[in-house]
Engineer: 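Sharing a structure with you now.
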Amino acid sequence: MNAFSRRGACPALSAPMQTGDGLLVRLNPVAGGLLPKSVIGLSESASRHGNGIMEVTARGSLQIRGLTPASARLLAMEVNALGIAVRTGVPVETGPLAGLDPQETADPRPLAERIRAAIAEAGLAQRLGPKVSVIVDGGGRLAMDVLTADVRLAAVRVDAGTQWRVVVAGDSQTATLLVIVEEDAARDIAVAILRMVAEKGREAHARDLSRRQLRSLASWRVLPPSILPDISPSRGEIGGFVVGSSSAASEIGENRDQSAISPLEGEMSGRTEGGAVERLPVPARFPIGIFDLTAGTALGIGLPFGSMPAEKIIALTQYALTLDAAEIRLAPDRALLFIGLSPTACHSLQQAAISLGFVTDAADPRTRIAACPGAPACASGRIATRDIAETIAAENRDLLDASVTLHISGCAKGCAHPGPAALTLVGGENEAGLVVDGTAKALPAGYRPGYDAARGVGRIAAAIREARFRGETTAACLTRLGAAGVTELYRQE
């Protein structure tokens, strides 16, 4: 096994990362999903070698925590024995229902595989930073709209065929549009972007590319693949292949500003996987509920705050086996998709999940809370984050609407949610500080004892109930109350 990853890297099976509760590994199966028996085997390994907690991240990766150097090696051996192949290198992600959703515009998997092969052939994985990523989104009910990426390829229907929107640095709403092209050109442009990023060093992202570089790519239609390995974008060779102007180029900007495009909050700026940029989600795209497939049905079940004891995942998966579940896929927003069930089996498994404490309703307030393991699970944690989160979710369901995220962090590292949140509770020495519209790294404006933090949030919720206009969101009401007023409510005894 290799040396431990530095914090901020991606903790692969071969390079676990040191955290406050031991070593952490993150797994992404090559097959896209796992057999139910493999999930049971992994959960048993997590119980034997880690802290017995299984996690699914905001980007849909599986994490096992609480490992030691010796137990991490044993875990890797057991993963291999289970026959689970895991991805390494630059993440090229597709949606959790890729190839199964009758509503998707195109199956993104073939293009994703072609991009992975091109990245490997060009040797880019060793030159790019661990947080550089590509999304190939075929659309459908569980599209990857709210996840950030350095390069995003999204399928669009053009006349009777399919083309791909190529956008850079952000999610589907914030990224910079380059061009809409055929599949071959989309692959070549994606790899060219990664080459540009690699030339800037391992700390670089697509957001660091200059407007000139982006304009060159925006007017690039098809470059012969034989040229690709030899070009050096930063020296201008791509400019020699420009074949005409593009309407997308004007969106990037036609001035001579050579500055980089603005950095974005989200996955790429975070210490951990982070995930979605804050905005109102599309309810039908939340991966919880029942989804009709081209063959059979899928049931999406969420892990509260992204984690669950391994024994509960084992119990749920064993029951899913009796219902003939064929596959389990990891889904963004911290969920599991059980594939191949009948509608009747979906309802039976849903009831079992409820009894075990899983999230089965997309409107569950726990989906609006990001909470790290906290104390006592993590040595860095100063407050019992999960206990506080459960209390707030149970008592203040109306506070946690789709307009807000509440972040509860055991310390100032903010591992569960690197970006800003409407309200953040951050643990200090015997206290829980409140940050309004900021991150866990910000200096809290007010404090109260950690054991009493939920009551402070309850006071904020009570004020919102009294002050909110008809139809007003929690986020809008918080803005009207103002950061100083919200902080004073939290501090009141």
Side-chain angles (χ1 to χ4, degrees), residues 28 31-33 58-61 91-116 133-190 193 206 247-248 251 266-267 275-277 279-300 302 327 329-340 362 402:
N28 291 287
R59 292 190 81 98
S61 299
V92 182
E93 302 168 290
T94 58
L97 291 180
L100 302 176
D101 186 353
Q103 295 185 25
E104 68 182 357
T105 304
D107 185 346
R109 295 174 299 176
L111 177 55
E113 283 301 327
R114 295 181 68 194
I115 292 172
R116 292 185 187 109
S133 66
V134 178
I135 285 177
V136 185
D137 191 350
R141 286 164 296 175
L142 295 183
M144 307 281 277
D145 290 355
V146 298
L147 295 184
T148 60
D150 289 80
V151 184
R152 176 184 300 275
L153 308 178
V156 293
R157 289 190 177 91
V158 178
D159 297 326
T162 300
Q163 293 191 352
W164 297 86
R165 294 177 73 251
V166 183
V167 298
V168 177
D171 63 17
S172 65
Q173 296 185 32
T174 63
T176 300
L177 171 66
L178 294 185
V179 71
I180 299 176
V181 291
E182 301 288 346
E183 182 174 306
D184 285 350
R187 175 203 59 191
D188 292 347
I189 292 172
I193 293 168
S247 60
E251 295 193 31
E267 169 66 15
V277 174
R279 63 177 44 83
L280 292 177
V282 179
R285 289 183 174 174
F286 208 81
I288 294 176
I290 297 175
F291 303 90
D292 292 330
L293 308 178
T294 50
T297 310
L299 174 65
E327 181 186 9
R329 292 193 178 187
L330 307 168
D333 287 314
R334 304 176 173 91
L336 298 172
L337 283 164
F338 291 79
I339 308 295

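For the single chain, residues carry numbers from 1 onward in sequence order.
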Engineer: Could you measure the distance from the CG atom of D184 to the CD1 atom of I189? Nearest 0.5 Å is fine.
Structural biologist: 11.0 Å
Engineer: Rounded to the nearest 0.5 Å, how far apart are OG1 of T162 and CD1 of I180?
Structural biologist: 12.0 Å
Engineer: Looking at residues at least two apart in the chain, or sitting in another chain, which of them share a salt bridge (Lys or Arg N to Asp or Glu O under 4.0 Å) with R157?
Structural biologist: none
Engineer: Answer yes or no: is there a donor N or O on one side and an acceptor on the other, between the side chain of D150 and the main chain of S133, under 3.5 Å?
Structural biologist: yes
Engineer: Would you call R59 and P91 a side-chain contact if the rule is heavy atoms closer than 4.5 Å?
Structural biologist: no
Engineer: Rounded to the nearest 0.5 Å, what separation is found between the CG atom of N28 and the CD atom of E93?
Structural biologist: 7.0 Å
Engineer: Please report the shortest heavy-atom distance between A155 and A106, naming the atom on each side.
Structural biologist: CB-CB, 4.0 Å
Engineer: Do E104 side-chain atoms and A98 backbone N/O form a donor-acceptor pair below 3.5 Å?
Structural biologist: no
Engineer: Please give me the minimum heavy-atom distance between F291 and F286, naming the atom from each residue.
Structural biologist: CZ-O, 3.6 Å
Engineer: Let me confirm one number: the CG-OG1 distance from D107 to T294, rounded to the nearest 0.5 Å.
Structural biologist: 9.5 Å
Engineer: Could you give the distance from CH2 (W164) to CG (L178), rounded to the nearest 0.5 Å?
Structural biologist: 16.0 Å
Engineer: Shortest non-hydrogen contact from M144 to I135?
Structural biologist: CB-CG2, 3.9 Å
Engineer: How many angstroms lie between atom CD1 of I290 and atom OG1 of T297, to the nearest 0.5 angstrom?
Structural biologist: 7.5 Å
Engineer: Give me the one residue out of V166, V181, D137 that meets side chain to side chain contact (heavy atoms under 4.5 Å, CB included) with L153.
Structural biologist: V166
Engineer: Output every pair passing salt bridge (charged side-chain N to carboxylate O under 4.0 Å, His left out) with a member in residues 174-183, not counting sequence neighbours, ordered by first then second residue.
Structural biologist: R114-E183
Engineer: For the side chain to side chain contact (heavy atoms under 4.5 Å, CB included) test, which of D101, L337, L100 pairs with L293?
Structural biologist: L100
Engineer: Take V136 and V92, measure what side-chain contact (heavy atoms from CB on, under 4.5 Å) needs, and give me the verdict at the end.
Structural biologist: CA-CA 7 Å; V136 185; V92 182; 4.0 Å; yes
Engineer: List for me each residue that meets salt bridge (Lys or Arg N to Asp or Glu O under 4.0 Å) alongside E327, sequence neighbours excluded, and say none if there are none.
Structural biologist: R329
Engineer: Report yes if some heavy atom in the side chain of P332 is under 4.5 Å from a heavy atom in the side chain of P96; otherwise report no.
Structural biologist: yes
